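Written below as structure tokens is the structure these notes are about.
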2 protein chains.
Amino acid sequence: MATGRTHRPATRSRGIPEATVARLPLYLRALTALSERSVPTVSSEELAAAAGVNSAKLRKDFSYLGSYGTRGVGYDVEYLVYQISRELGLTQDWPVVIVGIGNLGAALANYGGFASRGFRVAALIDADPAMAGKPVAGLPVRHTDELESIITDNGVSIGVIATPAGAAQQVCDRLVAAGVTSILNFAPTVLSVPEGVDVRKVDLSIELQILAFHEQRKAGEETTQPAATPSRPGAHARAAAGAGSRKGPDGDVPAVMPA
Amino acid sequence: MATGRTHRPATRSRGIPEATVARLPLYLRALTALSERSVPTVSSEELAAAAGVNSAKLRKDFSYLGSYGTRGVGYDVEYLVYQISRELGLTQDWPVVIVGIGNLGAALANYGGFASRGFRVAALIDADPAMAGKPVAGLPVRHTDELESIITDNGVSIGVIATPAGAAQQVCDRLVAAGVTSILNFAPTVLSVPEGVDVRKVDLSIELQILAFHEQRKAGEETTQPAATPSRPGAHARAAAGAGSRKGPDGDVPAVMPA
DNA sequence: GTTTGTGAACAGTTTCACAGCT
DNA sequence: AGCTGTGAAACTGTTCACAAAC
């Protein structure tokens with residue numbers, strides 16, 4: 001998923017489709033790996049396989065960037081790496097702050113892929129005074145009091161929130177007030193931000209729940225639904241309904257997963 | 001987002017749209033909060049605001065589950081909590097293993113929201129023998145050798161991979177061979193899995209790159225942007241020449257392949 | 001009067017299949 | 001021959017707007 005509220009009204013007459021943007025990093029990673037193995041060119045078929053998509057989609061995606069391939073040959077790896085990097089804005093350096101240096105914040109700070117491409121951890125910030133000064137991933141943790149000055153002094157426009165849910169909105173507000181316009185939120189909360197600020201969220205429990213949904217489908221084709229449905233407070237059981245009303249709490253029994 | 005799911009022709013004639021499934025956990029979280037405040041009913045408008053979506057979408061989403069609201073009134077909170085939980089498969093318990101107990105794995109193990117709803121950490125697994133037996137989040141870390149027996153003994157069908165990228169595919173293969181059919185992958189790699197296995201991935205650096213894309217765009221379109229554009233690493237000389245050969249945003253220049 | 005549930009219109013995304021370049 | 005680039009078709013997802021239910 002993506003941006004919280006406040007997304008441009010898809011006024012994308014001149015832009016790249018959002019779905020394509022979301023795949024460019026994937027292509028870039030695959031291309032970087034090829035580049036490191038000194039592979040000079042790659043076909044849409046090969047690159048698509050490496051990125052885990054199909055080749056028609058990949059070609060369509062690239063067509064939004066320009067005609068960067070050569071018919072009968074494929075794509076030049078180095079050239080594509082550069083073009084995609086530029087398109088994603090990775091030819092410049094993005095200072096990032098991480099707020100909330102608990103288990104997760106520390107993990108993020110230590111994450112190598114962070115610095116590797118365009119991003120630089122400008123500061124680690126935590127509300128706990130006991131954390132202040134302690135080094136994490138080679139950086140001293142700074143106290144929340146310094147948040148605003150850190151942001152302005154470093155020209156930070158991207159913030160990562162790894163605090164408990166209860167603190168997230170407040171931290172978000174302060175980040176935004178200080179000038180941050182893109183936020184990556186790991187806290188399990190819906191953040192509200194003013195127009196013009198992008199929010200992306202990463203949420204473990206949502207991902208697990210989506211997996212559970214599909215898992216249940218796989219298992220439950222014949223194994224029934226457990227338990228009974230508690231009666232509905234305001235309404236009557238509509239379970240009867242021979243026609244029309246296609247829904248109902250009972251099994252949906254779709255023909256899914258053909259072996 | 002981003003199921004790396006194996007290509008299924010979406011045989012879902014009678015199922016719930018994927019986009020809807022992905023939002024159900026969001027609704028559930030908002031409803032749970034209302035439930036804890038003993039709010040008895042909620043309108044689509046209110047609930048939508050709490051979940052960060054618009055009300056038409058929410059009503060459409062719920063319509064796939066059934067007619068669970070009351071016109072003129074709204075939705076009964078407790079009843080909806082139950083229905084969504086059941087739909088997501090959270091009325092049963094899902095044992096989960098986490099493989100790779102580094103910074104991130106430990107963070108995940110400690111994540112409270114894990115156990116809170118339907119999920120239970122059955123085991124923490126790491127390849128480092130020095131880790132074996134050490135308690136993390138109250139559980140002793142087990143060695144990778146035990147992976148298969150842990151999976152089968154506990155009937156684990158959901159696995160979380162938090163290993164380095166290099167180990168992820170191998171771990172994935174072992175998980176799948178042992179019976180896991182849903183995987184949440186935190187390693188920055190494309191996993192390949194057999195038909196019938198679901199993969200979802202969470203990738204920090206992809207999220208950041210997407211943010212950078214939009215951030216760059218903000219800086220470009222309107223005026224402003226307080227400098228904050230440090231050095232450029234190894235930008236190619238052609239940078240000034242415009243985007244590419246096609247009808248890009250600006251000048252059209254014949255394709256230039258780098259030597 | 002209020003609010004749901006939903007067909008219909010619209011928008012975005014993926015896939016197909018092939019023309020056109022190398 | 002091989003492979004890209006892209007219109008058109010097919011599909012999925014979102015928004016609109018209003019009749020039906022309370």
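Reminder, nothing fancy here: chain letters follow the sequence lines and each chain counts from 1. Since the model is a prediction, treat every value here as computed from it, not as a measurement.
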Handout entry: Side-chain-base donor-acceptor pair under 3.5 Å for R71(A) and dT22(C)
Key = no

Please state how far atom [atom1] in [X] lies from atom [atom2] in [N], giving the value in whole angstrom units.
X      : N       : atom1 : atom2 : value
L24(B) : dG13(D) : CG    : P     : 13 Å
K57(B) : dT6(C)  : NZ    : C1'   : 17 Å
D61(A) : dG5(D)  : CG    : C1'   : 13 Å
Y75(A) : dG2(D)  : OH    : P     : 18 Å
Q83(A) : dG5(D)  : CD    : P     : 12 Å
E18(B) : dT14(C) : CD    : P     : 13 Å
E46(A) : dC3(D)  : CD    : C1'   : 11 Å
L47(B) : dT2(C)  : CG    : P     : 20 Å

Problem - Distance, nearest 0.5 Å, that separates OH of Y27(A) from CG of L88(A) - result: 11.5 Å

Taking only N and O in the side chain of [X], is any of them less than 4.0 Å away from OP1 or OP2 of [N]?
X      : N       : value
T70(A) : dT4(D)  : no
Y68(B) : dT3(C)  : no
Y64(A) : dT14(C) : no
S44(B) : dT4(C)  : yes
R59(B) : dG7(C)  : no

Practice task
Flag the pair D198(B) and R217(A) as a salt bridge only when some basic side-chain nitrogen lies within less than 4.0 angstrom of an acidic carboxylate oxygen.
Solution key: no

Practice task
For the pair E45(B) and R59(B), find out whether any cationic side-chain nitrogen is under 4.0 Å from an anionic carboxylate oxygen.
Solution key: no

Problem - Given DNA chain D, 5'-ward residue of the pair A56(A) and V73(A), judged by closest heavy atom - result: V73(A)

Exercise for the section: Using a heavy-atom cut-off of under 4.0 Å over every strand shown, decide if F62(A) touches base, sugar-phosphate, or nothing. Expected result: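 If one applies the 4.0 Å heavy-atom cut-off, F62(A) turns out to touch nothing in the nucleic acid.
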
Exercise for the section: Taking all heavy atoms of Q216(B) and all of G89(A), pick out the closest pair and write down the distance. Expected result: OE1-CA, 3.2 Å

Completion exercise
Residue pair G72(A)/N54(A) against DNA chain C: nearer the 5' end by closest nucleotide is N54(A)

Handout entry: Candidates dT4(C), dA8(C), dA8(D) - which lies nearest the side chain of K60(A)
Key = dA8(D)

Practice task
Side-chain contact test, heavy atoms from C-beta onward, threshold under 4.5 Å: evaluate it for L204(A) versus F186(A) and give yes or no.
Solution key: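 No, too far: nothing below the 4.5 Å cut-off.
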
